*Asks:* 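I have a structure I would like to understand better, so I am pasting it below and will then ask my questions one at a time.
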Amino acid sequence: MLKRICIVALLPLVLLGSCQRKGATGDNEYPLGDDNEYPLGVDNEYPLVADNEYPAADYNEYPDTVEIRYARGLRVAYGSDGIHVIISDPDPEARHAARGQEFVVKRPSRRVICTTALQLGNFEVLRLEQCIVGINSLKSLFSPAIKEQLRQGHTVEIGREGEFDIEAVIASKPDYILVSASKHGGFDVLRQCGIPLIPHHGYKETDPLGQAEWIKLVGILTGETRRANAVFDRIERQYLSLKRRVARAVDPDNLPTVASGRQVREGWYVVGGRSYMANIFSDAGARYVMADNRASGGVTMDFEAAYAKSVGAEFWQIDGRYKGQYSLQALAAEDPRYATMHAYKKGTVLFCNLTQTPYRELAAVEPHLLLADFVRAFHPEILPDYNPKYYKPIN
């Protein structure tokens with residue numbers, strides 16, 4: 001049975017313009033033609049860039065109703081009493097994944113607390129950072145706008161899971177709090193404050209566009225559905241256009257191979273064969289060495305078993321937190337066996353440094369750029385002038 005919660009904004013509707021950008025330009029400056037008219041990374045009229053690098057578009061050309069096409073954990077229906085949002089766990093392996101919570105959004109809200117970096121990125125790509133009045137203690141915060149809002153006191157830190165500063169939460173006067181299914185500590189205390197807790201399961205979507213489509217939830221909650229539709233439309237067009245270009249350019253019988261992950265504490269951590277990253281690999285024109293693995297999330301494997309499947313891969317994707325410039329030498333220092341891998345010898349190890357890039361905040365809402373990073377590595381002739389944002393080869 002669905003749980004139903006009515007969300008009623010605490011701010012009057014006359015304040016809806018408080019988070020909008022001024023000086024919008026027409027969409028004619030950035031036409032949304034098909035990929036043959038505006039090839040990604042080639043035609044200067046439609047460059048491959050993050051949405052938040054564009055001038056604000058004329059969102060009024062887009063519908064104010066939301067249609068969900070990719071996200072498995074998000075459904076929307078319109079009724080006379082408001083917008084019905086049904087949120088469920090999109091992980092196909094999750095128990096009771098079909099169950100969900102239903103929220104009726106009667107009026108938009110302009111004050112929200114985010115408890116993960118991914119939620120924060122949803123607001124960043126929509127340019128709605130001013131609507132964020134509280135964040136938890138993040139290890140790394142990249143958003144210049146949120147840093148400035150913290151400095152000015154518009155946004156406050158509310159502490160970590162299990163150690164929330166309830167006084168700070170209440171003082172920030174949030175209309176709702178976005179929470180994550182992977183984090184549970186302290187949420188009962190927040191619930192006792194009478195503030196609606198809205199699950200944000202975008203990170204569990206296995207379709208890259210499905211993850212990005214959760215920005216439409218933010219659009220609904222803030223009353224910025226036109227804006228969310230416009231931003232997602234550009235993301236979708238760029239992603240699908242590049243995916244089609246790859247499909248036309250590569251030989252499906254002669255794809256490069258790619259390995260994932262490395263030893264993390266008790267075992268070699270890899271992304272599952274049905275995961276978000278595995279789908280990115282496939283769309284970028286590569287064969288994932290763990291493609292026969294049926295997991296939709298991360299998997300910890302025995303080192304020897306993972307090494308045996310990965311040692312001959314032409315490319316190797318890894319990420320981590322590292323102060324300074326990560327190198328092949330630093331990688332081999334972690335385990336000498338890494339230096340025997342083909343990708344290591346070839347110099348095709350692709351590393352994302354989480355201390356230097358906003359991966360946790362923005363990668364999920366920039367799948368077109370994440371895809372481009374791997375296309376640039378696997379098939380450089382397709383994007384010869386593209387500069388990777390997240391994953392880059394190390395020396």
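Computed over heavy atoms, backbone and side chain alike; hydrogens, waters and symmetry mates excluded. Since we're looking at a predicted model, the values are computed, not measured.
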*Asks:* So do E102 and V85 actually touch side chain to side chain, heavy atoms under 4.5 Å?
*Replies:* no
*Asks:* Can a salt bridge be assigned to the pair R160 and E163 using a cut-off of 4.0 Å between side-chain N and carboxylate O?
*Replies:* no
*Asks:* Apply salt bridge (charged side-chain N to carboxylate O under 4.0 Å, His left out) to R151 and E148, showing your working.
*Replies:* CA-CA 5 Å; R151 189 186 69 80; E148 179 61 19; 2.6 Å; yes
*Asks:* Is any side-chain heavy atom of I83 closer than 4.5 Å to one of V76?
*Replies:* yes
*Asks:* Side chains of S109 and L221: closer than 4.5 Å at any heavy-atom pair?
*Replies:* no
*Asks:* Do S260 and Y269 have side-chain heavy atoms sitting under 4.5 Å apart?
*Replies:* no
*Asks:* Before you tell me yes or no, could you show the steps for D292 and K309 under salt bridge (charged side-chain N to carboxylate O under 4.0 Å, His left out), namely the whole-Å CA-CA distance, both residues' side-chain angles and the distance that decides it to 0.1 Å?
*Replies:* CA-CA 11 Å; D292 58 347; K309 298 202 70 170; 3.1 Å; yes
*Asks:* If you count every heavy atom of other residues, nucleotides or ligands that lies below 6.0 Å from Q325 atom CD, does the total exceed 12?
*Replies:* no
*Asks:* Could you go step by step and tell me if L150 and I135 meet the side chain to side chain contact (heavy atoms under 4.5 Å, CB included) rule?
*Replies:* CA-CA 9 Å; L150 286 166; I135 59 173; 4.0 Å; yes
*Asks:* Under the side chain to side chain contact (heavy atoms under 4.5 Å, CB included) rule, what do I318 and L331 come out as? Steps first, then yes or no, please.
*Replies:* CA-CA 10 Å; I318 56 176; L331 177 60; 4.0 Å; yes
*Asks:* Would you mind checking if E61 and R226 are paired as a salt bridge, meaning a charged N to carboxylate O distance below 4.0 Å?
*Replies:* no
*Asks:* D91 vs S296, test: side-chain hydrogen bond (donor to acceptor under 3.5 Å, both in side chains). Steps then yes/no.
*Replies:* CA-CA 7 Å; D91 185 350; S296 59; 2.7 Å; yes
*Asks:* For D283 and Y239, which I'm curious about, is there any donor-acceptor pair between the side chains at under 3.5 Å?
*Replies:* yes
*Asks:* Using the ring of each side chain (for Trp, its six-membered ring), is H200 parallel, tilted or perpendicular to W214, with breaks at 30° and 60°?
*Replies:* tilted
*Asks:* Report yes or no: does H379 contribute a side-chain atom to a donor-acceptor pair with the main-chain N or O of V246 at less than 3.5 Å?
*Replies:* no
*Asks:* Show your working on side chain to side chain contact (heavy atoms under 4.5 Å, CB included) between S140 and R321 and close with a plain yes or no.
*Replies:* CA-CA 10 Å; S140 299; R321 306 180 68 83; 2.6 Å; yes
*Asks:* May I ask you to test the R191-L197 pair for a side-chain heavy-atom distance under 4.5 Å?
*Replies:* yes
*Asks:* Under a 4.0 Å threshold between the charged nitrogen and the carboxylate oxygen, would K389 count as salt-bridged to E366?
*Replies:* yes
*Asks:* Is the backbone N or O of N229 less than 3.5 Å from a side-chain atom of D233, with the two atoms forming a donor-acceptor pair by type?
*Replies:* no
*Asks:* Would you call the rings of Y326 and Y322 parallel, tilted or perpendicular, taking 30° and 60° as the class edges?
*Replies:* perpendicular
*Asks:* Is the CG atom of N395 crowded by more than 12 outside heavy atoms at less than 6.0 Å?
*Replies:* no
*Asks:* Go through F103 and I220 one step at a time and tell me if the side chain to side chain contact (heavy atoms under 4.5 Å, CB included) criterion holds.
*Replies:* CA-CA 11 Å; F103 304 87; I220 290 171; over 6 Å; no
*Asks:* Backbone N or O of A71 within a donor-acceptor pair of the E213 side chain at under 3.5 Å?
*Replies:* yes
*Asks:* Less than 4.0 angstrom from a charged side-chain N to a carboxylate O is my criterion; do R262 and E334 meet it?
*Replies:* yes
*Asks:* Look at R337 together with E304 and state whether they make a salt bridge at an N to O cut-off of under 4.0 Å.
*Replies:* yes
*Asks:* Would you say the side chain of Q119 lies within less than 4.5 Å of the side chain of V218, judging by non-hydrogen atoms?
*Replies:* no
*Asks:* So among D319, D373, T357, N353, which one has a side chain to side chain donor-acceptor pair (under 3.5 Å) with Y391?
*Replies:* D319
*Asks:* May I ask you to check whether F378 and F315 place their ring centres under 6.0 Å from each other?
*Replies:* yes
*Asks:* Going through the checks in order, is the side-chain hydrogen bond (donor to acceptor under 3.5 Å, both in side chains) test met by T340 and Y307?
*Replies:* CA-CA 10 Å; T340 65; Y307 174 83; 2.5 Å; yes
*Asks:* In this structure, is the centre-to-centre distance between the rings of Y338 and W316 below 6.0 Å?
*Replies:* yes
*Asks:* Distance alone, cut at 3.5 Å: any donor-acceptor contact between the side chains of Q211 and Y70?
*Replies:* no
